[in-house]
Engineer: 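Quick one: this structure, given as structure tokens, is what I'll be asking you about.
Since the structure is predicted, the reported quantities are computational estimates derived from the model, not experimental observations. Residue numbers begin at 1 in each chain, while the letters A, B, ... track the order of the sequences.
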Protein chains: 2
Amino acid sequence: MNLTDAKKQFIQAWGTLGSEWGINRTMAQVHALLLISPNALCTEDIMEQLNVSRGNANMNLRELMNWTLINKELVPGDRKEYFIAVKDIWEIARIIARERKRREIEPVLKVLNGLKVIEGDQKDKEVKAFTETVNNLSNFVGKMDKSVDMMLKADENWFFGTILKMIK
Amino acid sequence: MNLTDAKKQFIQAWGTLGSEWGINRTMAQVHALLLISPNALCTEDIMEQLNVSRGNANMNLRELMNWTLINKELVPGDRKEYFIAVKDIWEIARIIARERKRREIEPVLKVLNGLKVIEGDQKDKEVKAFTETVNNLSNFVGKMDKSVDMMLKADENWFFGTILKMIK
DNA sequence: ATAAACTTTCAGAAATAATTGAAAGTTTAA
DNA sequence: TTAAACTTTCAATTATTTCTGAAAGTTTAT
């Protein structure tokens, strides 16, 4: 396969993955494009290569900046902004884990903890079933949260080293 | 807080989490409702409690059956189908992990592996950057895949026991 | 100052996804 | 049979998300 087709397939695949994750498809595609670019690209480059409008390109670049998945790069003697992606996969994984924890795990944990104590007779099976499920979930999600924290602090080799060793 | 409000909040929170995951909001809400119900519910119950149409209720119940997150329960002397959720949180986690692995990790891994070898001069920086990113990603996603496999085989206490011990 | 170069915003348009509800299909009891 | 009870389907509608592009905003060089 040639580079041009391979790039297209990669960008396409990354975009699909993104949307299955609840991440904007174009944002994922912009990310993919920058991931495989040896040098920084400007808004125009993105617009051309992905066939998207200026507004769309701009918005998704900002969002990727918010996630800290990409950085601005200033080219001396050029007024345009250029963007370059974080290339270290473990760093990318940590950024995504951090962001998803913040958006998904933490708010749910907060709600669950707020629902732990409810009024009513604990002998009522409705009340009992509710309390039990909420407690079990809160306990489980809490452990997930802690596990992600650990991953965020850990070093890649140690993390996968330990995890994958368990498999054997 | 009283049970009725607590239920509503729980269903709402679970629905939001679902849509952040790329899972149909109503499917997540039906799941939430069944999770906290001490007994099996029928389509009518779901329609009433969530204010959704018959078609919608039916489709999402089927989808939850596909995921194996809920089961049919037959009530003797009643022709209706009743549904009851898997209540064990670890079992639920495994089902979701299995399904997301199948839908997200596996297809991407397949594409990545197909892109590992491309034509062109390895000294060309475009080619080099592409190959490097694809190889790194493929390696990383492969490890994720293996890690999920391990989790699927493991027992909850052992899994979190080991993971959380690492944190200390 | 001001004009060119560049970035951001945002109302409307387009695309995508979810939902409805009635009709068609299926099963069961008598 | 057949008719009632129940489930499934799907075309049309509604809701939600994403995208466009032109206008407004900002920065920089002269």
Side-chain angles (χ1 to χ4, degrees), chain A residues 11-34 40-67 69-84 103-104, chain B residues 11-12 14-34 40-67 69-84 99 103-104:
Chain A
I11 289 168
Q12 167 63 38
W14 213 238
T16 305
L17 180 64
S19 43
E20 268 160 1
W21 273 35
I23 284 168
N24 180 302
R25 167 194 213 75
T26 305
M27 173 172 154
Q29 289 184 338
V30 173
H31 188 220
L33 176 59
L34 288 171
L41 303 181
C42 68
T43 305
E44 299 280 342
D45 297 330
I46 309 278
M47 289 168 62
E48 264 174 40
Q49 300 210 40
L50 300 180
N51 274 293
V52 295
S53 70
R54 185 174 299 285
N56 198 4
N58 182 268
M59 160 197 257
N60 287 297
L61 285 166
R62 293 309 128 193
E63 193 61 10
L64 285 165
M65 291 278 290
N66 278 348
W67 281 61
L69 283 169
I70 65 173
N71 290 114
K72 269 186 209 173
E73 201 173 83
L74 293 180
V75 172
D78 194 335
R79 278 175 56 185
K80 278 205 288 293
E81 291 179 331
Y82 287 80
F83 301 91
I84 192 151
R103 296 167 168 234
E104 295 169 21
Chain B
I11 290 168
Q12 166 62 37
W14 214 239
T16 304
L17 181 64
S19 44
E20 269 160 0
W21 274 33
I23 285 168
N24 180 303
R25 167 195 213 73
T26 304
M27 172 172 154
Q29 289 184 338
V30 174
H31 187 220
L33 176 59
L34 288 171
L41 303 181
C42 68
T43 304
E44 299 279 341
D45 296 331
I46 309 278
M47 289 168 62
E48 265 174 38
Q49 299 209 41
L50 300 180
N51 275 294
V52 295
S53 70
R54 185 174 300 285
N56 199 3
N58 182 267
M59 159 196 258
N60 285 297
L61 284 166
R62 293 309 127 194
E63 192 61 10
L64 285 165
M65 291 278 291
N66 279 347
W67 281 60
L69 283 169
I70 64 173
N71 290 114
K72 269 187 210 175
E73 200 173 84
L74 294 180
V75 173
D78 194 335
R79 278 175 56 184
K80 278 205 288 295
E81 290 179 332
Y82 287 80
F83 300 91
I84 193 151
E99 205 66 17
R103 296 167 167 232
E104 296 169 20

Engineer: When rounded to the nearest 0.5 angstrom, what is the spacing between OG1 in B/Thr43 and CG in B/Leu61?
Structural biologist: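 Answer for the OG1-CG pair, B/Thr43 versus B/Leu61, is 5.5 Å.
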
Engineer: Which residue, B/Asn56, B/Asn60, B/Leu33, forms the side chain to side chain contact (heavy atoms under 4.5 Å, CB included) with B/Leu50?
Structural biologist: B/Leu33

Engineer: So if I take residues 13-26 of chain A and measure heavy-atom distances to DNA chain D, which residues fall below 4.0 Å?
Structural biologist: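 Contacts with DNA chain D under 4.0 Å: A/Asn24, A/Thr26.
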
Engineer: Using a heavy-atom cut-off of 4.0 Å to chain A, what are the terminal contacting nucleotides of DNA chain D, in 5' to 3' order?
Structural biologist: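 Endpoints of the contacted stretch of DNA chain D: D/dT18 to D/dT28.
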
Engineer: Side chains of residues 19-31 of chain A: which donor-acceptor pairs under 3.5 Å do they make with residues two or more places apart or in other chains?
Structural biologist:
| residue | atom | partner | partner atom | Å |
| --- | --- | --- | --- | --- |
| A/Ser19 | OG | A/Gly15 | O | 3.3 |
| A/Ser19 | OG | A/Thr16 | O | 3.1 |
| A/Trp21 | NE1 | B/Glu104 | OE1 | 2.9 |
| A/Asn24 | OD1 | A/Thr26 | N | 2.7 |
| A/Asn24 | OD1 | A/Met27 | N | 3.2 |

Engineer: Can you sort out which residues in residues 54-61 of chain A have a heavy atom within less than 4.0 Å of DNA chain D? Ascending by number, please.
Structural biologist: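 Going residue by residue through residues 54-61 of chain A, the ones with a heavy atom under 4.0 Å of DNA chain D turn out to be A/Gly55, A/Asn56.
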
Engineer: Which string of ( ) [ ] | and . matches DNA chain D, if you list each base 5' to 3' and count Watson-Crick or G-U pairs only when both distances are under 3.5 Å?
Structural biologist: ||||||||||||||||||||||||||||||

Engineer: Any idea which heavy atoms bring A/Met47 and A/Ala57 closest together, and the distance?
Structural biologist: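 Between these two residues, the closest heavy atoms are CG-CB, 3.9 Å.
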
Engineer: Under 3.5 Å, which donor-acceptor pairs do the side chains of residues 76-83 of chain A form with other protein atoms, sequence neighbours left out?
Structural biologist:
| residue | atom | partner | partner atom | Å |
| --- | --- | --- | --- | --- |
| A/Asp78 | OD1 | A/Lys80 | N | 3.0 |
| A/Asp78 | OD2 | A/Tyr82 | OH | 2.8 |
| A/Glu81 | OE1 | A/Arg62 | NH2 | 3.1 |
| A/Glu81 | OE2 | A/Lys72 | NZ | 2.8 |

Engineer: Looking at every heavy atom in both B/Asp45 and B/Leu41, which two are closest together, and how far apart are they?
Structural biologist: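 So the minimum-distance heavy-atom pair works out to OD2-CA, 3.5 Å.
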
Engineer: A side-chain contact here means heavy atoms from C-beta on lying under 4.5 Å apart; do B/Leu34 and B/Leu69 qualify?
Structural biologist: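 Sidechains of B/Leu69 and B/Leu34: no contact.
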
